[in-house]
There are 2 protein chains.
Amino acid sequence: MEHRFVEKATGAIADKYRLSILLELSDKGSMTCTDIQELTGLSQPCVSHHVKQLTESGLVNARKEGRNLYLSLNKESLQQLSGFLEKLG
Amino acid sequence: MEHRFVEKATGAIADKYRLSILLELSDKGSMTCTDIQELTGLSQPCVSHHVKQLTESGLVNARKEGRNLYLSLNKESLQQLSGFLEKLG
DNA sequence: CGTAAACATCCAAACTTTTAAATATTTGGT
DNA sequence: ACCAAATATTTAAAAGTTTGGATGTTTACG
């Protein structure tokens, strides 16, 4: 297990807005940046920034379709992180 | 599950020094702040600060014995966090 | 082509975290 | 009582994060 991945992924989760995005993605399956803007009430550039952190962490997948960016959970990496923590404790 | 706990706990893990402390605790079972100073090469106040974050996150238990502070993993909270992530993905 | 919608990038302000020097506290040994 | 060891606290600097305004890019639609 890459410790850098653990560091990045936990860092990506450790924010109330990003956590709420992850929860919503878990619930809904997929969302666009505009959906996230509505969900969080944050400005568009700020949403863009959080989305970047989430995708760069590897926890979230992004698929561009026309003008929209569809986000979804990367379930494998979430399972990887979960497994790491389970073994840790 | 408390989202504040998830936020705090992931934030506590998201640092290379704190992650290495957690790994070492997982391996060795228990350590003092002096051990951590040797492990990380950080200054004593800095270690004290990181230890505080880890204990306040709930991921690490601290037991004072004489002049020493013995740290150990809080396995239950690690399992809780792991379970949260597993359900998320 | 012109316009608007969706997202990205750049920038700077506000805020938070990380770090260590100095100092304080608590405890154990002599 | 004295001294040293282990940790905590205070303080301040450096570095990093978060935020939104302004602006840029890409794509859809009439």
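Chain A is the first sequence line, chain B the second, and so forth, proteins listed ahead of strands; every chain is numbered from 1.
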* Could you go step by step and tell me if Gln80(B) and Glu76(B) meet the side-chain contact (heavy atoms from CB on, under 4.5 Å) rule? -> CA-CA 6 Å; Gln80(B) 238 186 282; Glu76(B) 274 167 40; 5.6 Å; no

* Asked: If you check every side-chain atom of Pro45(A), which of dC10(C), dA22(C), dC7(C) has the closest atom?
  -> dC10(C)

* To do: Begin with the C-alpha distance, continue with both residues' side-chain angles, and end with the deciding distance and a verdict on side-chain contact (heavy atoms from CB on, under 4.5 Å) for Val51(B) and Val60(B).
  => CA-CA 8 Å; Val51(B) 164; Val60(B) 166; over 6 Å; no

* Would one find a side-chain N or O of Ser48(A) under 4.0 angstrom from OP1 or OP2 of dT9(C)? -> no

* On DNA chain D, which is the earliest and which the latest nucleotide, 5' to 3', with an atom closer than 4.0 Å to a heavy atom of chain B? -> dA4(D) to dT9(D)

* Take Leu54(A) and Leu71(A) through the test side-chain contact (heavy atoms from CB on, under 4.5 Å) and record every step on the way to the result. => CA-CA 10 Å; Leu54(A) 286 168; Leu71(A) 287 324; over 6 Å; no

* Taking the nucleotide of DNA chain C with the closest heavy atom to each, which residue, Lys16(B) or Asn68(A), is nearer the 5' end? -> Asn68(A)

* Does any N or O in the side chain of Ser48(A) come within less than 3.5 Å of the main-chain N or O of Gln44(A), such that one atom is a donor and the other an acceptor? -> no

* To do: Report the residue from Leu59(A), Leu78(A), Asp27(A), Leu25(A) that forms a side-chain contact (heavy atoms from CB on, under 4.5 Å) with Leu88(B).
  => Leu78(A)

* Do any N or O atoms from the side chain of Glu86(B) and from the backbone of Gln79(A) form a donor-acceptor pair under 3.5 angstrom? -> no

* Interatomic distance, Glu65(B) CD vs dT26(C) P [rounded to whole Å] -> 19 Å

For nucleotides 16-18 of chain C, which of its nitrogen or oxygen atoms have a protein nitrogen or oxygen under 3.5 Å away, and what is each distance?
| unit_1 | atom_1 | unit_2 | atom_2 | d |
| --- | --- | --- | --- | --- |
| dT18(C) | OP1 | Arg18(B) | NH2 | 3.3 |
| dT18(C) | OP2 | Arg18(B) | NH1 | 3.3 |
| dT18(C) | OP2 | Gln53(B) | OE1 | 2.7 |

* Asked: If two hydrophobic side chains count as joined below 4.5 Å and joins carry through other members, does Tyr70(A) share a cluster with Val47(A)?
  -> no

* Asked: Leu39(B) versus Tyr17(B): any side-chain heavy-atom pair under 4.5 Å?
  -> no

* Asked: Donor-acceptor pair under 3.5 Å: do we get one between Gln44(A)'s side chain and the base of dA8(C)?
  -> yes

* **Gap between atoms CZ and C1', on Arg67(A) and dA4(C) respectively (whole Å)** => 7 Å

* For Asn68(A), does its backbone N or O pair with a side-chain atom of Thr32(A) as donor and acceptor, under 3.5 Å? -> no

* Asked: Whole-Å distance between dT19(C) P and Lys52(B) NZ?
  -> 16 Å

* Asked: dA8(C) C1' sits how many Å from Glu56(A) CD, rounded?
  -> 12 Å

